[in-house]
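Here is the structure we will look at, set down as C-alpha coordinates.
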2 protein chains.
Amino acid sequence: MAQQQRAANTREAIVTGAATAFQAHGYGMTSLAEIAEASGVTKGALYFHFDSKEAIALAVIDAQHAAAGTIGVALHESGTTGIAATLTASFAFARQLRENPIARAGIRLTLEASSFQTPVVGPYLDWIAWIEGYLVEAAAAGDLREEVNPSTLAHLIIPAFTGVQMVSEVLTHRDDIYQRVEELWLLLLPGTVPPDRWEQIRELLARIRREVSEQP
Amino acid sequence: MAQQQRAANTREAIVTGAATAFQAHGYGMTSLAEIAEASGVTKGALYFHFDSKEAIALAVIDAQHAAAGTIGVALHESGTTGIAATLTASFAFARQLRENPIARAGIRLTLEASSFQTPVVGPYLDWIAWIEGYLVEAAAAGDLREEVNPSTLAHLIIPAFTGVQMVSEVLTHRDDIYQRVEELWLLLLPGTVPPDRWEQIRELLARIRREVSEQP
DNA sequence: TGACAAAAATACCGTCTGGTATCTTTTACG
DNA sequence: CGTAAAAGATACCAGACGGTATTTTTGTCA
(Lines give C-alpha, C1' and ligand atoms only; values in the text may rest on other atoms or scores of the structure.)
Protein backbone atom coordinates (compact mmCIF):
# COMPACT_ATOMS: atom_id res chain seq x y z
CA MET A 1 0.00 0.00 0.00
CA ALA A 2 1.99 2.87 -1.30
CA GLN A 3 0.47 6.30 -1.45
CA GLN A 4 -3.19 6.39 -0.59
CA GLN A 5 -3.74 10.06 -0.07
CA ARG A 6 -3.77 11.13 -3.70
CA ALA A 7 -5.99 8.20 -4.62
CA ALA A 8 -8.38 9.03 -1.81
CA ASN A 9 -8.54 12.61 -3.00
CA THR A 10 -9.24 11.55 -6.56
CA ARG A 11 -11.90 9.12 -5.45
CA GLU A 12 -13.60 11.86 -3.49
CA ALA A 13 -13.37 14.22 -6.45
CA ILE A 14 -15.02 11.61 -8.62
CA VAL A 15 -17.86 11.03 -6.16
CA THR A 16 -18.42 14.76 -5.81
CA GLY A 17 -18.20 15.42 -9.53
CA ALA A 18 -20.46 12.49 -10.32
CA ALA A 19 -22.94 13.72 -7.73
CA THR A 20 -23.03 17.16 -9.32
CA ALA A 21 -23.71 15.63 -12.72
CA PHE A 22 -26.23 13.03 -11.51
CA GLN A 23 -28.10 15.55 -9.44
CA ALA A 24 -28.60 17.77 -12.46
CA HIS A 25 -29.47 15.20 -15.13
CA GLY A 26 -30.29 11.92 -13.40
CA TYR A 27 -28.51 8.62 -13.89
CA GLY A 28 -29.48 7.74 -17.43
CA MET A 29 -28.92 11.18 -18.90
CA THR A 30 -25.46 11.59 -17.40
CA SER A 31 -22.50 10.33 -19.43
CA LEU A 32 -19.14 9.16 -18.17
CA ALA A 33 -17.60 12.03 -20.11
CA GLU A 34 -19.64 14.52 -18.08
CA ILE A 35 -18.65 12.81 -14.84
CA ALA A 36 -15.00 12.87 -15.83
CA GLU A 37 -15.17 16.55 -16.71
CA ALA A 38 -17.09 17.52 -13.57
CA SER A 39 -14.56 15.59 -11.49
CA GLY A 40 -11.53 17.07 -13.22
CA VAL A 41 -10.14 13.62 -13.98
CA THR A 42 -10.04 11.40 -17.03
CA LYS A 43 -11.93 8.26 -17.81
CA GLY A 44 -8.83 6.28 -16.93
CA ALA A 45 -9.03 7.46 -13.33
CA LEU A 46 -12.75 6.74 -13.28
CA TYR A 47 -12.19 3.12 -14.20
CA PHE A 48 -9.21 2.77 -11.90
CA HIS A 49 -11.47 3.53 -8.96
CA PHE A 50 -14.77 2.07 -10.13
CA ASP A 51 -15.84 -0.91 -12.18
CA SER A 52 -18.76 0.70 -13.95
CA LYS A 53 -21.02 3.71 -14.17
CA GLU A 54 -23.47 1.97 -11.89
CA ALA A 55 -20.72 1.44 -9.32
CA ILE A 56 -20.09 5.20 -9.35
CA ALA A 57 -23.77 5.87 -8.73
CA LEU A 58 -23.81 3.37 -5.88
CA ALA A 59 -20.78 5.12 -4.38
CA VAL A 60 -22.66 8.42 -4.51
CA ILE A 61 -25.65 6.80 -2.79
CA ASP A 62 -23.30 5.39 -0.16
CA ALA A 63 -21.72 8.79 0.37
CA GLN A 64 -25.10 10.39 0.92
CA HIS A 65 -26.09 7.61 3.25
CA ALA A 66 -22.92 8.22 5.24
CA ALA A 67 -23.54 11.97 5.30
CA ALA A 68 -27.07 11.40 6.57
CA GLY A 69 -25.61 9.12 9.20
CA THR A 70 -23.53 11.96 10.62
CA ILE A 71 -26.79 13.67 11.56
CA GLY A 72 -27.66 10.73 13.75
CA VAL A 73 -24.21 10.74 15.32
CA ALA A 74 -24.40 14.45 16.09
CA LEU A 75 -27.81 14.01 17.69
CA HIS A 76 -26.56 11.15 19.76
CA GLU A 77 -23.53 13.12 20.95
CA SER A 78 -25.64 16.10 21.93
CA GLY A 79 -28.03 13.79 23.76
CA THR A 80 -30.99 14.77 21.63
CA THR A 81 -33.75 12.15 21.52
CA GLY A 82 -37.43 11.60 20.81
CA ILE A 83 -39.45 14.31 19.13
CA ALA A 84 -36.62 16.83 19.31
CA ALA A 85 -34.36 14.40 17.48
CA THR A 86 -37.00 13.71 14.86
CA LEU A 87 -37.58 17.37 14.12
CA THR A 88 -33.90 18.27 14.19
CA ALA A 89 -33.02 15.37 11.91
CA SER A 90 -35.61 16.42 9.37
CA PHE A 91 -34.28 19.96 9.15
CA ALA A 92 -30.67 18.85 9.14
CA PHE A 93 -31.50 16.50 6.31
CA ALA A 94 -33.24 19.29 4.42
CA ARG A 95 -30.19 21.45 4.92
CA GLN A 96 -27.92 18.80 3.43
CA LEU A 97 -30.24 18.56 0.46
CA ARG A 98 -30.06 22.30 -0.07
CA GLU A 99 -26.33 22.66 0.22
CA ASN A 100 -24.68 19.36 -0.58
CA PRO A 101 -24.69 18.05 -4.18
CA ILE A 102 -23.98 14.56 -2.85
CA ALA A 103 -27.16 14.63 -0.81
CA ARG A 104 -29.21 15.91 -3.74
CA ALA A 105 -27.76 13.32 -6.08
CA GLY A 106 -28.22 10.59 -3.50
CA ILE A 107 -31.92 11.16 -3.05
CA ARG A 108 -32.47 11.36 -6.79
CA LEU A 109 -30.43 8.26 -7.50
CA THR A 110 -32.08 6.29 -4.72
CA LEU A 111 -35.40 6.85 -6.46
CA GLU A 112 -34.02 5.95 -9.89
CA ALA A 113 -31.92 3.04 -8.65
CA SER A 114 -34.97 0.88 -8.24
CA SER A 115 -34.31 -0.05 -11.88
CA PHE A 116 -30.65 -0.85 -11.36
CA GLN A 117 -29.27 -4.35 -11.80
CA THR A 118 -29.37 -4.66 -8.02
CA PRO A 119 -32.24 -2.46 -6.85
CA VAL A 120 -31.38 -0.18 -3.97
CA VAL A 121 -33.86 -0.10 -1.13
CA GLY A 122 -31.51 -0.03 1.84
CA PRO A 123 -31.45 3.72 2.43
CA TYR A 124 -35.22 4.02 2.73
CA LEU A 125 -35.42 1.12 5.14
CA ASP A 126 -32.57 2.59 7.19
CA TRP A 127 -34.12 6.02 7.37
CA ILE A 128 -37.48 4.58 8.33
CA ALA A 129 -35.88 2.45 11.06
CA TRP A 130 -33.89 5.45 12.23
CA ILE A 131 -36.93 7.71 12.61
CA GLU A 132 -38.88 4.86 14.15
CA GLY A 133 -36.24 4.67 16.87
CA TYR A 134 -36.74 8.33 17.73
CA LEU A 135 -40.49 7.88 17.73
CA VAL A 136 -40.26 5.00 20.17
CA GLU A 137 -38.30 7.31 22.47
CA ALA A 138 -40.95 9.96 21.93
CA ALA A 139 -43.68 7.50 22.88
CA ALA A 140 -41.80 6.59 26.06
CA ALA A 141 -41.57 10.29 26.92
CA GLY A 142 -45.31 10.73 26.43
CA ASP A 143 -44.79 12.87 23.34
CA LEU A 144 -46.75 10.55 21.08
CA ARG A 145 -50.50 9.97 21.11
CA GLU A 146 -51.29 6.49 22.31
CA GLU A 147 -53.11 5.44 19.16
CA VAL A 148 -50.10 6.31 16.98
CA ASN A 149 -47.86 3.43 16.00
CA PRO A 150 -44.19 4.49 15.67
CA SER A 151 -43.55 2.12 12.78
CA THR A 152 -46.59 3.26 10.82
CA LEU A 153 -45.74 6.88 11.41
CA ALA A 154 -42.13 6.38 10.34
CA HIS A 155 -43.32 4.61 7.19
CA LEU A 156 -45.30 7.74 6.36
CA ILE A 157 -42.92 10.47 7.43
CA ILE A 158 -40.03 9.29 5.27
CA PRO A 159 -42.04 9.09 2.04
CA ALA A 160 -43.92 12.30 2.73
CA PHE A 161 -40.68 14.06 3.50
CA THR A 162 -39.07 12.63 0.37
CA GLY A 163 -41.95 13.87 -1.76
CA VAL A 164 -41.86 17.34 -0.25
CA GLN A 165 -38.15 17.46 -1.03
CA MET A 166 -38.47 16.30 -4.63
CA VAL A 167 -41.39 18.55 -5.53
CA SER A 168 -39.77 21.52 -3.84
CA GLU A 169 -36.70 20.86 -6.00
CA VAL A 170 -38.81 20.81 -9.16
CA LEU A 171 -40.88 23.87 -8.32
CA THR A 172 -38.47 26.19 -6.49
CA HIS A 173 -35.05 24.52 -6.47
CA ARG A 174 -35.65 23.99 -2.74
CA ASP A 175 -35.92 27.68 -1.97
CA ASP A 176 -39.04 27.02 0.10
CA ILE A 177 -37.94 23.76 1.64
CA TYR A 178 -37.58 24.88 5.28
CA GLN A 179 -40.99 26.47 5.13
CA ARG A 180 -42.56 23.33 3.64
CA VAL A 181 -40.95 21.07 6.21
CA GLU A 182 -42.16 23.28 9.02
CA GLU A 183 -45.68 23.35 7.59
CA LEU A 184 -45.64 19.58 7.23
CA TRP A 185 -44.81 19.19 10.91
CA LEU A 186 -47.41 21.73 11.98
CA LEU A 187 -49.98 19.79 10.05
CA LEU A 188 -48.91 16.43 11.45
CA LEU A 189 -48.64 17.70 15.01
CA PRO A 190 -52.28 17.40 16.11
CA GLY A 191 -52.52 13.87 14.75
CA THR A 192 -49.36 12.63 16.39
CA VAL A 193 -48.75 14.49 19.65
CA PRO A 194 -50.99 14.77 22.73
CA PRO A 195 -52.68 18.21 23.02
CA ASP A 196 -50.89 19.14 26.24
CA ARG A 197 -47.54 19.04 24.41
CA TRP A 198 -48.57 21.05 21.38
CA GLU A 199 -47.49 24.44 22.60
CA GLN A 200 -44.13 23.19 23.77
CA ILE A 201 -43.39 21.34 20.54
CA ARG A 202 -44.53 24.21 18.39
CA GLU A 203 -41.95 26.36 20.13
CA LEU A 204 -39.33 23.66 19.68
CA LEU A 205 -40.18 23.47 15.98
CA ALA A 206 -39.90 27.22 15.54
CA ARG A 207 -36.55 27.24 17.32
CA ILE A 208 -35.11 24.39 15.26
CA ARG A 209 -36.24 25.98 12.05
CA ARG A 210 -34.74 29.32 13.06
CA GLU A 211 -31.46 27.67 13.94
CA VAL A 212 -31.16 25.71 10.72
CA SER A 213 -31.85 28.70 8.51
CA GLU A 214 -29.47 30.90 10.46
CA GLN A 215 -26.60 28.45 10.54
CA PRO A 216 -23.55 29.56 8.55
CA MET B 1 -56.98 15.06 -43.74
CA ALA B 2 -57.25 11.56 -45.07
CA GLN B 3 -57.58 8.61 -42.70
CA GLN B 4 -57.05 9.36 -39.07
CA GLN B 5 -58.18 6.20 -37.36
CA ARG B 6 -55.18 4.00 -38.04
CA ALA B 7 -52.82 6.83 -37.23
CA ALA B 8 -54.65 7.54 -34.00
CA ASN B 9 -54.39 3.88 -33.03
CA THR B 10 -50.69 3.82 -33.75
CA ARG B 11 -50.12 6.99 -31.82
CA GLU B 12 -51.92 5.53 -28.85
CA ALA B 13 -49.89 2.32 -29.13
CA ILE B 14 -46.71 4.38 -29.10
CA VAL B 15 -47.76 6.36 -26.04
CA THR B 16 -48.75 3.20 -24.20
CA GLY B 17 -45.64 1.31 -25.22
CA ALA B 18 -43.41 4.22 -24.36
CA ALA B 19 -45.12 4.52 -21.00
CA THR B 20 -44.46 0.88 -20.24
CA ALA B 21 -40.79 1.30 -21.07
CA PHE B 22 -40.34 4.66 -19.32
CA GLN B 23 -42.12 3.47 -16.21
CA ALA B 24 -39.73 0.55 -15.89
CA HIS B 25 -36.41 2.22 -16.69
CA GLY B 26 -36.88 5.98 -16.54
CA TYR B 27 -36.33 8.42 -19.37
CA GLY B 28 -32.58 8.28 -19.79
CA MET B 29 -32.26 4.51 -19.58
CA THR B 30 -34.99 3.86 -22.14
CA SER B 31 -33.95 3.67 -25.80
CA LEU B 32 -36.04 4.37 -28.86
CA ALA B 33 -35.51 0.75 -29.85
CA GLU B 34 -37.18 -0.38 -26.62
CA ILE B 35 -40.06 2.02 -27.16
CA ALA B 36 -40.53 0.80 -30.71
CA GLU B 37 -40.54 -2.81 -29.61
CA ALA B 38 -42.90 -2.23 -26.69
CA SER B 39 -45.24 -0.33 -29.02
CA GLY B 40 -45.13 -2.93 -31.76
CA VAL B 41 -44.14 -0.36 -34.36
CA THR B 42 -40.89 0.63 -36.03
CA LYS B 43 -38.77 3.68 -35.56
CA GLY B 44 -40.21 5.07 -38.77
CA ALA B 45 -43.66 5.24 -37.20
CA LEU B 46 -42.19 6.76 -34.05
CA TYR B 47 -40.71 9.64 -35.98
CA PHE B 48 -43.77 10.06 -38.15
CA HIS B 49 -45.79 10.85 -35.05
CA PHE B 50 -43.19 12.54 -32.86
CA ASP B 51 -40.25 14.85 -33.45
CA SER B 52 -37.96 13.44 -30.78
CA LYS B 53 -37.65 11.13 -27.81
CA GLU B 54 -38.41 14.05 -25.55
CA ALA B 55 -41.61 14.74 -27.48
CA ILE B 56 -42.70 11.15 -26.82
CA ALA B 57 -42.06 11.58 -23.11
CA LEU B 58 -44.04 14.81 -23.10
CA ALA B 59 -46.90 13.01 -24.83
CA VAL B 60 -46.86 10.40 -22.08
CA ILE B 61 -46.95 13.13 -19.45
CA ASP B 62 -49.84 14.75 -21.30
CA ALA B 63 -51.70 11.45 -21.46
CA GLN B 64 -51.33 10.97 -17.73
CA HIS B 65 -52.42 14.51 -17.11
CA ALA B 66 -55.50 13.87 -19.21
CA ALA B 67 -56.21 10.61 -17.39
CA ALA B 68 -55.94 12.38 -14.05
CA GLY B 69 -58.31 15.00 -15.39
CA THR B 70 -61.01 12.39 -15.90
CA ILE B 71 -61.08 11.91 -12.16
CA GLY B 72 -62.03 15.54 -11.75
CA VAL B 73 -64.72 15.23 -14.40
CA ALA B 74 -66.22 12.15 -12.78
CA LEU B 75 -66.31 13.88 -9.39
CA HIS B 76 -67.97 16.91 -10.93
CA GLU B 77 -70.61 14.80 -12.65
CA SER B 78 -71.42 12.91 -9.48
CA GLY B 79 -71.66 16.19 -7.60
CA THR B 80 -68.88 15.27 -5.19
CA THR B 81 -67.14 18.28 -3.63
CA GLY B 82 -65.05 19.40 -0.69
CA ILE B 83 -63.42 16.84 1.56
CA ALA B 84 -65.21 13.93 -0.08
CA ALA B 85 -63.82 15.01 -3.45
CA THR B 86 -60.32 15.39 -2.02
CA LEU B 87 -60.32 11.93 -0.50
CA THR B 88 -61.93 10.26 -3.49
CA ALA B 89 -59.52 11.94 -5.88
CA SER B 90 -56.51 10.74 -3.89
CA PHE B 91 -57.66 7.12 -3.97
CA ALA B 92 -58.70 7.28 -7.61
CA PHE B 93 -55.30 8.67 -8.43
CA ALA B 94 -53.61 5.90 -6.46
CA ARG B 95 -55.69 3.38 -8.35
CA GLN B 96 -54.54 4.77 -11.69
CA LEU B 97 -50.96 4.54 -10.51
CA ARG B 98 -51.44 0.92 -9.57
CA GLU B 99 -53.14 -0.18 -12.74
CA ASN B 100 -52.23 2.16 -15.56
CA PRO B 101 -48.70 2.17 -16.98
CA ILE B 102 -49.33 5.63 -18.41
CA ALA B 103 -50.02 6.98 -14.95
CA ARG B 104 -46.94 5.32 -13.50
CA ALA B 105 -44.74 6.56 -16.32
CA GLY B 106 -46.26 10.03 -16.07
CA ILE B 107 -45.45 10.53 -12.43
CA ARG B 108 -41.92 9.22 -12.91
CA LEU B 109 -41.30 11.34 -15.98
CA THR B 110 -42.75 14.45 -14.37
CA LEU B 111 -40.10 14.13 -11.68
CA GLU B 112 -37.31 13.50 -14.18
CA ALA B 113 -38.50 16.06 -16.70
CA SER B 114 -37.26 18.88 -14.54
CA SER B 115 -34.00 18.37 -16.44
CA PHE B 116 -35.62 18.43 -19.88
CA GLN B 117 -34.90 21.15 -22.40
CA THR B 118 -38.18 22.71 -21.36
CA PRO B 119 -38.70 21.77 -17.72
CA VAL B 120 -42.16 20.45 -16.95
CA VAL B 121 -43.83 21.91 -13.89
CA GLY B 122 -47.40 22.27 -15.18
CA PRO B 123 -48.82 19.02 -13.80
CA TYR B 124 -47.78 19.75 -10.22
CA LEU B 125 -49.19 23.24 -10.36
CA ASP B 126 -52.41 21.92 -11.87
CA TRP B 127 -52.82 19.20 -9.25
CA ILE B 128 -52.13 21.65 -6.45
CA ALA B 129 -54.66 24.11 -7.84
CA TRP B 130 -57.16 21.29 -8.31
CA ILE B 131 -56.92 20.08 -4.71
CA GLU B 132 -56.92 23.66 -3.47
CA GLY B 133 -60.28 24.12 -5.17
CA TYR B 134 -61.75 21.19 -3.26
CA LEU B 135 -60.26 22.48 -0.03
CA VAL B 136 -61.87 25.87 -0.53
CA GLU B 137 -65.20 24.09 -0.88
CA ALA B 138 -64.38 22.11 2.25
CA ALA B 139 -63.65 25.31 4.14
CA ALA B 140 -66.99 26.76 3.03
CA ALA B 141 -68.71 23.62 4.32
CA GLY B 142 -67.00 23.93 7.68
CA ASP B 143 -64.91 20.83 7.07
CA LEU B 144 -61.62 22.66 7.43
CA ARG B 145 -60.13 24.08 10.60
CA GLU B 146 -60.10 27.84 10.49
CA GLU B 147 -56.35 28.17 10.89
CA VAL B 148 -55.70 25.93 7.88
CA ASN B 149 -54.97 27.71 4.62
CA PRO B 150 -56.26 25.75 1.59
CA SER B 151 -53.34 26.81 -0.58
CA THR B 152 -50.72 25.82 2.00
CA LEU B 153 -52.42 22.52 2.61
CA ALA B 154 -52.66 21.76 -1.11
CA HIS B 155 -48.98 22.60 -1.51
CA LEU B 156 -48.24 19.93 1.09
CA ILE B 157 -50.72 17.24 0.17
CA ILE B 158 -49.56 16.90 -3.44
CA PRO B 159 -45.85 16.49 -2.59
CA ALA B 160 -46.55 14.23 0.38
CA PHE B 161 -48.84 12.12 -1.75
CA THR B 162 -46.26 11.99 -4.55
CA GLY B 163 -43.60 10.83 -2.13
CA VAL B 164 -45.80 8.15 -0.64
CA GLN B 165 -46.48 6.90 -4.15
CA MET B 166 -42.85 6.83 -5.24
CA VAL B 167 -41.49 5.17 -2.12
CA SER B 168 -44.31 2.64 -2.12
CA GLU B 169 -43.33 1.80 -5.70
CA VAL B 170 -39.71 1.30 -4.69
CA LEU B 171 -40.43 -0.74 -1.57
CA THR B 172 -43.51 -2.81 -2.46
CA HIS B 173 -44.39 -2.09 -6.10
CA ARG B 174 -47.39 -0.21 -4.70
CA ASP B 175 -48.86 -3.25 -3.01
CA ASP B 176 -49.42 -1.23 0.15
CA ILE B 177 -50.46 2.01 -1.49
CA TYR B 178 -54.13 2.11 -0.44
CA GLN B 179 -53.14 1.42 3.14
CA ARG B 180 -50.48 4.15 3.08
CA VAL B 181 -52.84 6.70 1.59
CA GLU B 182 -55.46 5.91 4.21
CA GLU B 183 -52.89 6.19 6.99
CA LEU B 184 -51.70 9.51 5.59
CA TRP B 185 -55.21 10.89 5.73
CA LEU B 186 -55.83 9.55 9.22
CA LEU B 187 -52.68 11.29 10.35
CA LEU B 188 -53.55 14.57 8.66
CA LEU B 189 -57.15 14.54 9.82
CA PRO B 190 -56.73 16.04 13.32
CA GLY B 191 -54.60 18.87 11.97
CA THR B 192 -56.93 19.81 9.16
CA VAL B 193 -60.53 19.05 10.14
CA PRO B 194 -62.55 20.35 13.12
CA PRO B 195 -63.00 17.71 15.86
CA ASP B 196 -66.77 17.52 15.46
CA ARG B 197 -66.34 16.22 11.90
CA TRP B 198 -63.70 13.61 12.68
CA GLU B 199 -66.00 10.66 13.17
CA GLN B 200 -67.99 11.42 10.05
CA ILE B 201 -64.92 11.84 7.87
CA ARG B 202 -63.25 8.75 9.27
CA GLU B 203 -66.26 6.77 8.12
CA LEU B 204 -66.17 8.47 4.75
CA LEU B 205 -62.48 7.60 4.41
CA ALA B 206 -63.07 3.97 5.29
CA ARG B 207 -65.90 3.74 2.77
CA ILE B 208 -63.91 5.32 -0.05
CA ARG B 209 -60.98 3.05 0.61
CA ARG B 210 -63.23 0.01 0.65
CA GLU B 211 -64.83 1.04 -2.61
CA VAL B 212 -61.58 1.67 -4.43
CA SER B 213 -60.04 -1.64 -3.42
CA GLU B 214 -63.20 -3.57 -4.29
CA GLN B 215 -63.72 -1.96 -7.68
CA PRO B 216 -63.34 -4.36 -10.61
C1' DT C 1 18.77 7.58 -6.88
C1' DG C 2 17.02 3.69 -9.01
C1' DA C 3 13.45 0.39 -9.11
C1' DC C 4 8.88 -0.78 -8.75
C1' DA C 5 4.13 -0.49 -7.92
C1' DA C 6 0.29 2.66 -7.58
C1' DA C 7 -2.28 6.04 -9.85
C1' DA C 8 -3.89 8.31 -13.68
C1' DA C 9 -3.73 9.84 -18.54
C1' DT C 10 -4.10 8.61 -23.48
C1' DA C 11 -5.74 6.15 -27.12
C1' DC C 12 -8.73 3.10 -28.73
C1' DC C 13 -12.84 -0.23 -29.61
C1' DG C 14 -17.26 -2.30 -30.82
C1' DT C 15 -21.84 -1.21 -30.07
C1' DC C 16 -25.73 1.30 -29.60
C1' DT C 17 -27.77 5.83 -29.65
C1' DG C 18 -31.13 9.33 -31.40
C1' DG C 19 -32.21 10.81 -35.66
C1' DT C 20 -32.78 10.99 -41.01
C1' DA C 21 -33.51 9.64 -45.81
C1' DT C 22 -35.78 6.72 -48.63
C1' DC C 23 -38.68 3.33 -50.09
C1' DT C 24 -43.25 0.60 -49.57
C1' DT C 25 -47.88 -0.07 -48.18
C1' DT C 26 -52.35 1.49 -46.94
C1' DT C 27 -56.50 4.12 -47.49
C1' DA C 28 -59.62 7.95 -48.77
C1' DC C 29 -61.72 9.97 -52.63
C1' DG C 30 -62.41 11.82 -57.42
C1' DC D 1 -60.20 1.89 -60.27
C1' DG D 2 -56.50 4.97 -60.44
C1' DT D 3 -53.93 8.03 -57.89
C1' DA D 4 -52.10 10.94 -54.60
C1' DA D 5 -51.39 11.74 -50.03
C1' DA D 6 -50.94 9.60 -45.51
C1' DA D 7 -48.87 6.16 -42.74
C1' DG D 8 -45.38 3.24 -41.76
C1' DA D 9 -41.35 0.05 -42.72
C1' DT D 10 -36.44 -0.36 -44.07
C1' DA D 11 -31.97 1.06 -44.38
C1' DC D 12 -28.69 3.96 -43.02
C1' DC D 13 -25.73 7.54 -40.56
C1' DA D 14 -22.52 10.24 -37.71
C1' DG D 15 -21.49 10.61 -33.23
C1' DA D 16 -21.59 9.39 -28.54
C1' DC D 17 -21.80 5.72 -25.40
C1' DG D 18 -19.71 2.58 -21.77
C1' DG D 19 -15.80 0.14 -21.35
C1' DT D 20 -10.79 -1.68 -22.24
C1' DA D 21 -5.84 -1.78 -23.36
C1' DT D 22 -1.79 0.58 -23.14
C1' DT D 23 1.24 4.02 -21.89
C1' DT D 24 2.85 7.69 -18.90
C1' DT D 25 3.38 9.95 -14.55
C1' DT D 26 3.72 9.95 -9.59
C1' DG D 27 5.21 8.71 -5.24
C1' DT D 28 7.61 5.31 -1.87
C1' DC D 29 11.22 3.05 -0.01
C1' DA D 30 15.35 0.11 -0.21
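Proteins get letters first, then strands, A, B, ... in listed order; numbering begins at 1 in each.
- At C:dG19, one or more side-chain N or O atoms of B:Tyr47 fall inside 4.0 Å of OP1 or OP2 (strictly under the cut-off).
- Each ring-ring contact (aromatic ring centres under 6.0 Å, His included) pair with one or both residues in residues 94-126 of chain B, not counting sequence neighbours, appears once here: B:Tyr27-B:Phe116, B:Tyr124-B:Trp127.
- Rounding to whole angstrom units, NZ of residue B:Lys43 and C1' of D:dC13 are separated by 10 Å.
- One atom, CZ of B:Phe48, and another, P of D:dA5, lie 14 Å apart when rounded to the nearest Å.
- For B:Gln23, there are no side-chain hydrogen bond (donor to acceptor under 3.5 Å, both in side chains) partners at least two apart in sequence or on another chain.
- Judged as a salt bridge (Lys or Arg N to Asp or Glu O under 4.0 Å), not a single pair has a partner in residues 33-60 of chain B (not counting sequence neighbours).
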Shorter than 3.5 Å, N or O on both sides, protein versus nucleotides 1-3 of chain C: list them out with atom names.
none

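- Residue-to-nucleotide contacts include no donor-acceptor pair under 3.5 Å from the side chain of A:Lys53 to the base of D:dG19.
- Atom-to-atom, CG of B:Asn9 to C1' of C:dT27 comes out at 14 Å; the value is rounded to the nearest Å.
- Of the candidate nucleotides D:dG8, C:dG19, D:dA9, D:dG8 has the atom lying nearest to any side-chain atom of B:Thr10.
- By the side-chain hydrogen bond (donor to acceptor under 3.5 Å, both in side chains) test, A:Arg95 pairs with A:Gln215, sequence neighbours left out.
- When the C1' atom of C:dG19 is taken as reference, atom CD of B:Glu54 falls 14 Å away, rounded to whole Å.
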Show me the protein contacts with nucleotides 21-23 of chain C, counting only N or O atoms at under 3.5 Å.
none

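- Taking the charged nitrogens against the carboxylate oxygens, B:Glu214 and B:Arg210 have no contact shorter than 4.0 Å, which rules out a salt bridge.
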Without placing hydrogens or testing angles, list every side-chain donor-acceptor pair under 3.5 Å for residues 57-65 of chain B, not counting sequence neighbours.
unit_1: B:His65; atom_1: NE2; unit_2: B:Asp126; atom_2: OD2; d: 3.0

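- Applying the salt bridge (Lys or Arg N to Asp or Glu O under 4.0 Å) test to residues at least two apart or on different chains, none of the pairs has a partner in residues 7-29 of chain B.
- Remark: A:Ala92 engages A:Ile71 in a side chain to side chain contact (heavy atoms under 4.5 Å, CB included) (not counting sequence neighbours).
- Without hydrogens or angle criteria, A:Thr88 side chain to A:Ala85 main chain gives no donor-acceptor distance under 3.5 Å.
- Note: CZ (B:Phe50) to P (C:dG18) measures 15 Å, nearest angstrom.
- Of the side-chain N and O atoms in A:His49, one or more sit less than 4.0 angstrom from OP1 or OP2 of C:dA8.
- Identified under the salt bridge (Lys or Arg N to Asp or Glu O under 4.0 Å) test for residues 163-185 of chain A, with sequence neighbours left out: A:Glu169-A:Arg174, A:Asp176-A:Arg180, A:Arg180-A:Glu183, A:Glu182-A:Arg209.
- Here the nucleotide nearest the side chain of A:Ala45, chosen from C:dA9, D:dA9, D:dG19, is C:dA9.
- Remark: C1' of C:dT10 and CG of A:Leu46 are 14 Å apart, rounded to the nearest angstrom.
- Atoms CZ (B:Arg6) and P (D:dA6) sit 12 Å apart, rounded to a whole Å.
- Using a 4.0 Å cut-off on heavy atoms, the residues of residues 12-37 of chain B that approach DNA chain C are B:Thr30, B:Ser31, B:Leu32, listed by number.
- Pairs engaging residues 64-75 of chain B under the salt bridge (Lys or Arg N to Asp or Glu O under 4.0 Å) rule: none recorded [sequence neighbours left out].
- Taking both residues in full, the closest heavy atoms of A:Trp185 and A:Leu205 are given as CB-CD2, 3.8 Å, listed atom of the first, atom of the second, then distance.
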